[in-house]
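For reference, the structure is listed below as structure tokens.
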Amino acid sequence: MFDKVEKNPDFAKLELKVLEKWEQNDIMKRSMEQHRGADKFTFYEGPPTANGMPHPGHVLTRVMKDVFLRYRSMRGFDVLRKAGWDTHGLPVEIAVEKELGIDGKADIEKFGVAEFIAKCRESVFKYEKEWRKMTERVGFWVDLDDPYVTCQNNYIESVWWILKRYWDEGLLYKGHKVVPQCPSCETAQSSHEIAQGYREVEDPSVFVRMRVKGSPDTSFLVWTTTPWTLISNVAIALGAGLDYAKVKYKDEYLILAEGRLPAVFGEENYEVAERYKGADLEGTEYEPLYTFCAPEKKAHYAILGDFVTIEDGTGIVHIAPAFGEDDYQVGIKFDLPFLQPVDTKGRFTSEVTPWAGLFVKDADAGIIEELRERGILYRSEGYVHTYPFCWRCHSPIVYYARHSWFIRTTAYKDTMLEVNDSINWIPEHIRKGRMGDFLENNIDWAVSRDRYWGTPLNLWICEADESHVLSVDSAADLKAHALDYPDGELDLHRPYVDAIHCKCPQCGARMSRTPEVIDCWLDSGAMPVAQWHYPHENKDVFDSLFPADFITEAIDQTRGWFYSLMAISSFLFKKSPFKSCLVLGHVLAEDGSKMSKHLGNYLDMDVVFDRFGADAFRWVFYRDNNPWLPTRFSERALEEAHKNFFLTLWNIYSFFVIYANIDEFEPAEHEVGADALDASDRWALSRLNSAVALIKENMDAFQVTPAARAIEALVDDISNWYVRRCRPRFWKSEKDDDKWAAYSTLREILVTISKLLAPFAPFTAEVIYSNLARDTKRDKAEDSVHLAAFPEPDSSLINAGLEEAMEFVRDLCNEGRSLRNKKQVKVRQPLQRIFIRLKEGKLRDGIAPLKDMLTDELNIRDIAFIDSFDDLMCVSLKPNYKKLGPKYGKDLKAIEEYFKTLEDHAGACPSYFNDGRLDVEIGGSKFEFVEGDLEQVKTPSPDYLVGETVALDMRLTPELIRAGRARELVHKIQNLRKEMDLDYAARINIAYSCGPDLNEIFGDPALAEYIMKETLAVSLDCLLQDADADAARFDIDGVACGVKLSVSN
RNA sequence: GGGUGAUUAGCUCAGUUGGUUAGAGCGCAUCCCUGAUAAGGAUGAGGUCGGUGGUUCGACUCCACUAUCACCCA
């Protein structure tokens, strides 16, 4: 016996029970341990941060990880599911600042760094409980009890080891990074801070002359909106392919982009003297504007840059590497000097004598005036643009180069490109697109942060000579060099690590740590090694689990985690840290907008879990849309998944259990041989195994959506064809091999579907499997579907010809139904014959074993195969207007009418068909028609309904009519049973009364037996009194009829 | 401003290397079936495949431009 199945289950409740079962039986651990030592399928968890609430987007990544891990696990791979948490970084600090009601680095120092760090550590796991709850509820199996955590000492030591490797290779260096800086708060701002402070303002814009060296009457005309940066000018940039002109203007020559001439000169007179491409001018030197700072390298010449446009200005861009990101990169590329006569408060330093101590933007007016006096200024005007301001104090932001530590990723860019080529990106366009493009334009990785809560940079600088630098790779290494290492274990965070001083290995002087912490992306990118405390421990573990076979995260990680993983592993191991990467699109709100806490435009996850369950939640992500596309997430999608897929599957399951229990079907006891299977069983098993092959193939290629859709299509076919067609086999009274074949087949299908479904909808699959799985010759029942093996396609059961024939039969049924539908002939009315026109003969043999399905489905007695439907058509005649018009003129109307009303053209006008001549009398006049006067038109005979491939014989014999009425009666009586809420198996007595035409039905022994059998009646008698008020009265083809049912004891 | 992706029925999506009449599901309308029954099935309506231009005997498909949306980066 199988457990009774609820008709309309609460999936959420079932899932909670499944969770309990997993917990009690330790299923997750057992599934992980089951294949220990087998081939590994290695997965790396991209660490989420647990200092924010999870939302549906996080569910997507978690279930996408889960489906492949479960799949590989069932395929027999050894799958390790180590969780991880990303814990460091600015967002954590900001959240703590907010919580403490403090703001900025000064406040943090005042509050106390040690106390602040403690708060950060605490806050990191603020939402760990919610994350754990979501993770467990959604069925993501990951080992949350043994995660890697980026802020633990062991982890930091591994990161230090990586940094030391970079240092030893000479790839870690100190440089400058241009950052937006608030001159008043004296801190750099992050991009999201900048984004909220843009305002439209008017700034001065100036056109200045840069005089070409050696030709005092010729100048480059340069435009800028930040006159104060001209003091630090070291070069000018031109577009290589842009057109430039030297124009004569008054008594001098000016060089600028030809396309800007009208905009710059307007109505004024000028003459083009010479034309160049930007490339022709490369290297041209010019006189420096200022000499406050002496450049230590070659400067003041024209270079080429692809960022130069002719949209505004003069097509010549002034370059000051200290004050712009583009400028800085150009400076690196051309090895230009770096002039920064500005302090961190945005004031000119003492060497800029006229404006020393003045805030740079306040110096603009004076600078312009001075340039005018020297005749350098060509023009100055106001320029309206958006400019960032500090969101705290509203001071104008200044772009400013700060000291920063860099990893020279550009040194091994080619390795990264090779690594990128070796990765199986899904979708593929990431390789050449987003990631490839990013790598091609790779710049050195700025890894240091002037903050507190992060992995401290492991560099100690000699106080006697700052070129003496010590890099350590572990606490022990540090201790070995330290002068003041404390007893016991040291927390490797600031401020504790700042307090350690070392002895310089080169000169013996004291060394102090450089104060920076590092970018938390370096933490997460280090996880392949750091999660194992490699190389300090677990070398063999690491070796066996590198690289990962598979990772998946959302697309924003392209430049985040995917990059940091690749950058680090390309350096350390010269190979990719992962083989396949599924890049997920974002989850959007129902209207296609971004989900945001602020707008509250997404469904509460607990509500989703309670109303639809985790499986529906998961299914929507797998089935609706390929995972790399943005997915709109809506209640409607969940409802559709629930109704369309889960309820359909549940109906099959419930149907099976109801009847299997009635018949006391026992899988092991009632196993049947292959010869007991009928055509529909063989079809269903073939269909099943074809689906298994397809699903496996897709899952192996990380194509989750085609796989999910294949399951859905399979379930639909089983429900709406196999079960639908086989119902009578289940409810017939004989317990013969045919019945057991049907039960065995359907159970086998359901158990296999539960295994196929297990990676996708682990809860529903578990419920079905737990109830239906039994030890049989073919299969063994496990404690959980997740301990079972993923189905293998059995090619001996796949019969492509049968599947094709069945497909054809289903098409024929549809066409037959369509024909009946058009003529409003109910299926209840049996018809004598169906004609099937076969274009090719091969299907005839294929459908032979399936023909009962066709006749039964369409309620038709016989099948006839014919080559052509011509015999089912009548040929009628129609006037050829073109010929008859001139011949008969206005009589044509009468002729037209005559042929229209003529019923049997062939019978009435044989001579025309035989030799093309016809004489008729119409309305008293005689007409003569010769060949071509009449057109032959084929129309279906009224006796047939003719379609493309199918035709139906519509002629009804009295016998067919009686049969139709009998079936109509059965239908009515079944409805009465339903209305009376009778048990499926209840036997009834039928009392009827009826008019004469119906008497012959009740009186016909065969029909009466048919009615009794179908309605489970034990008696059928003409006992009903006309006056009986309890009887049901209806009308069969216009004849009154009364019926009364009573339950038989 | 640059890059990437998307745009096909009212909604959510398919559409293989270019090839007859562009397909599903939901919703809608009509009908059917009814011992899976608060289910199920069929039929139908609904499309200038975002727009413009090009290549081709032929374009949803290839190319160019363009519009809108999203993401990433400046």
Side-chain angles (χ1 to χ4, degrees), chain A residues 5 7-8 191 194 306-307 309 311-312 324-326 329 427 429-438 440-441 443 554-560 563 583-588 590-594 620 623-626 628-634 636-637 639-641 643-645 647-659 662 705-706 709 712-713 716 719-721 723-728 730-732 746 810 813-829 857-859 967 970-975 977-979 981-986 1014-1016:
Chain A
V5 174
K7 271 274 162 67
N8 213 350
S191 57
I194 286 290
D306 54 9
F307 53 88
T309 69
E311 271 164 29
D312 46 22
E325 176 60 23
D326 275 342
Q329 293 305 332
H429 62 72
I430 298 287
R431 181 182 308 114
K432 292 283 173 240
R434 216 170 258 232
M435 183 55 89
D437 188 59
F438 180 53
E440 288 288 353
N441 298 305
I443 54 171
I555 190 163
D556 51 291
Q557 297 300 329
T558 310
R559 286 154 195 242
Y563 174 70
V583 183
L584 305 177
H586 283 120
V587 180
L588 305 175
E590 188 162 11
D591 61 359
S593 66
K594 198 176 169 174
V620 166
R623 192 235 94 113
D624 262 28
N625 209 343
N626 277 310
W628 53 84
L629 297 171
T631 302
R632 292 188 188 196
F633 184 67
S634 66
R636 242 207 352 237
E639 258 161 19
E640 201 177 311
K643 206 180 132 190
N644 219 20
F645 179 68
L647 272 185
T648 305
L649 175 60
W650 196 265
N651 277 334
I652 304 173
Y653 167 56
S654 151
F655 173 87
F656 170 81
V657 170
I658 288 170
Y659 292 102
I662 290 173
T705 302
R709 287 177 182 175
E712 198 169 83
D716 192 70
S719 170
N720 290 324
W721 194 247
V723 172
R724 180 177 138 89
R725 286 307 322 152
C726 291
R727 278 179 297 195
F730 292 101
W731 69 61
K732 68 182 177 182
L746 185 53
R810 293 179 72 179
C813 288
N814 287 347
E815 196 179 340
R817 280 198 209 98
S818 170
L819 290 172
R820 290 187 88 119
N821 207 34
K822 268 181 200 137
K823 292 289 170 191
Q824 301 283 301
V825 181
K826 292 177 179 181
V827 177
R828 279 197 288 267
Q829 175 58 58
E857 191 72 12
L858 291 173
N859 196 14
R967 189 153 163 181
V970 169
H971 167 60
K972 301 280 188 199
I973 293 167
Q974 298 289 29
N975 277 349
R977 287 184 62 114
K978 194 172 144 194
E979 278 167 34
D981 206 17
L982 297 185
D983 188 76
Y984 297 139
E1014 289 294 315
T1015 60
L1016 293 184

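Convention: sequence-line order gives letters A, B, ...; per-chain numbering from 1.
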Could you measure between the two [atom1] atoms, the one in [N] and the one in [M], and give it in whole Å?
N	M	atom1	value
B:C63	B:U56	P	16 Å
B:U20	B:G25	C1'	26 Å
B:A74	B:U16	C1'	39 Å
B:C71	B:A38	C1'	44 Å
B:A70	B:G18	C1'	29 Å
B:U52	B:U43	P	34 Å
B:C72	B:G10	C1'	33 Å
B:U66	B:G1	P	12 Å

Mind checking what makes side chain to side chain donor-acceptor pair (under 3.5 Å) contact with [X], not counting sequence neighbours?
X	answer
A:Asn859	A:Arg967
A:Gln829	none
A:His586	A:Asp556

How many angstroms lie between CZ in A:Arg623 and CZ in A:Arg709, if you round to the nearest 0.5 Å?
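Spacing of CZ (A:Arg623) from CZ (A:Arg709) equals 5.0 Å.
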How many Å lie between [atom1] on [X] and [atom2] on [N], as a whole number?
X	N	atom1	atom2	answer
A:Lys432	B:G5	NZ	P	13 Å
A:Gln974	B:C33	CD	P	13 Å
A:His429	B:C72	NE2	C1'	13 Å
A:Arg725	B:G41	CZ	C1'	12 Å
A:Leu858	B:C33	CG	P	12 Å
A:Asp437	B:G5	CG	C1'	13 Å
A:Met435	B:G5	CE	C1'	16 Å
A:Arg431	B:G5	CZ	P	13 Å

Contacts of [X] that satisfy salt bridge (Lys or Arg N to Asp or Glu O under 4.0 Å) - sequence neighbours left out:
X	answer
A:Glu640	none
A:Arg725	A:Asp856, A:Glu857
A:Lys643	none

So, is A:Lys643 close to the B:G27 phosphate, meaning a side-chain N or O under 4.0 Å from OP1 or OP2?
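Checking B:G27 against A:Lys643, a side-chain N or O does come within under 4.0 Å of OP1 or OP2.
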Would you say B:A36 has OP1 or OP2 under 4.0 Å from some side-chain N or O of A:Arg727?
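Yes, because at least one side-chain N or O of A:Arg727 sits under 4.0 Å from OP1 or OP2 of B:A36.
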Tell me if the side-chain of A:Ser719 makes a donor-acceptor pair with the base of B:A36, cut-off 3.5 Å, by modelled atom types.
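Such a pair is found, so the answer is yes.
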Give me the distances for all protein-to-nucleotides 12-15 of chain B N/O pairs that come in under 3.5 Å?
residue	atom	partner	partner atom	Å
B:U12	OP1	A:Arg632	NH1	2.9
B:C13	OP1	A:Asn625	ND2	2.7
B:C13	O2'	A:Arg709	NH1	3.4
B:C13	O2'	A:Arg709	NH2	2.8

Under the ring-ring contact (aromatic ring centres under 6.0 Å, His included) rule, collect the residues that match up with A:Tyr653, sequence neighbours excluded.
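A:Tyr653: ring-ring contact (aromatic ring centres under 6.0 Å, His included) contacts with A:Trp650.
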Residues forming a ring-ring contact (aromatic ring centres under 6.0 Å, His included) with A:Phe730, sequence neighbours excluded:
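Applying ring-ring contact (aromatic ring centres under 6.0 Å, His included) to A:Phe730 gives A:Phe655, A:Tyr743.
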If you assign A:Arg559 and A:Ile652 each to the RNA chain B nucleotide with the nearest heavy atom, which residue ends up on the more 5' nucleotide?
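It is A:Ile652 whose nearest nucleotide is closer to the 5' end.
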If each of A:Asn651 and A:Arg967 is mapped to the nucleotide of RNA chain B with the nearest heavy atom, which maps nearer the 5' terminus, i.e. the 5' end?
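Nearest nucleotide further toward 5': that of A:Arg967.
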Of all the choices, B:C72, B:G41, B:C71, which nucleotide is nearest to the side chain of A:Asp716 once you look at every atom?
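Looking only at side-chain atoms, A:Asp716 lies closest to B:G41.
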Closest to side chain of A:Asn720, choosing from B:A36, B:G41, B:U4:
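My answer, after comparing the listed nucleotides, is B:G41.
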Determine the stems involving RNA chain B; a stem requires 3 or more consecutive pairs of the Watson-Crick or G-U wobble kind, each with both distances below 3.5 Å, and the answer is none if no such run exists.
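RNA chain B forms these stems: B:1-7 with B:67-73, B:10-13 with B:23-26, B:28-32 with B:40-44, B:50-54 with B:62-66.
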Dump every N/O contact between nucleotides 61-64 of chain B and the protein below 3.5 Å, one line per pair.
none

Flag the pair A:Ser719 / A:Asn651 as yes when at least one side-chain heavy-atom distance between them is below 4.5 Å, and no otherwise.
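No; the side chains remain at least 4.5 Å from each other.
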What's the shortest heavy-atom distance between A:Leu858 and A:Cys813, and which atoms?
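Answer, listing the atom of A:Leu858 first, then A:Cys813: CD2-O, 3.5 Å.
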Under 4.0 Å, heavy atoms only, any strand: does A:Arg828 hit a base, just the sugar-phosphate, or nothing?
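Since only primed, P, OP1 and OP2 atoms lie under 4.0 Å of A:Arg828, the category is sugar-phosphate.
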Has the side chain of A:Thr705 got a donor or acceptor atom that lies under 3.5 Å from a matching backbone atom of A:Asn625?
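Yes, because the side chain of A:Thr705 sits within donor-acceptor range (under 3.5 Å) of the backbone of A:Asn625.
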Under the rule for side chain to side chain contact (heavy atoms under 4.5 Å, CB included), what residues qualify as partners of A:Gln329, not counting sequence neighbours?
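With neighbours one apart ignored, the set is A:Glu325, A:Ile443.
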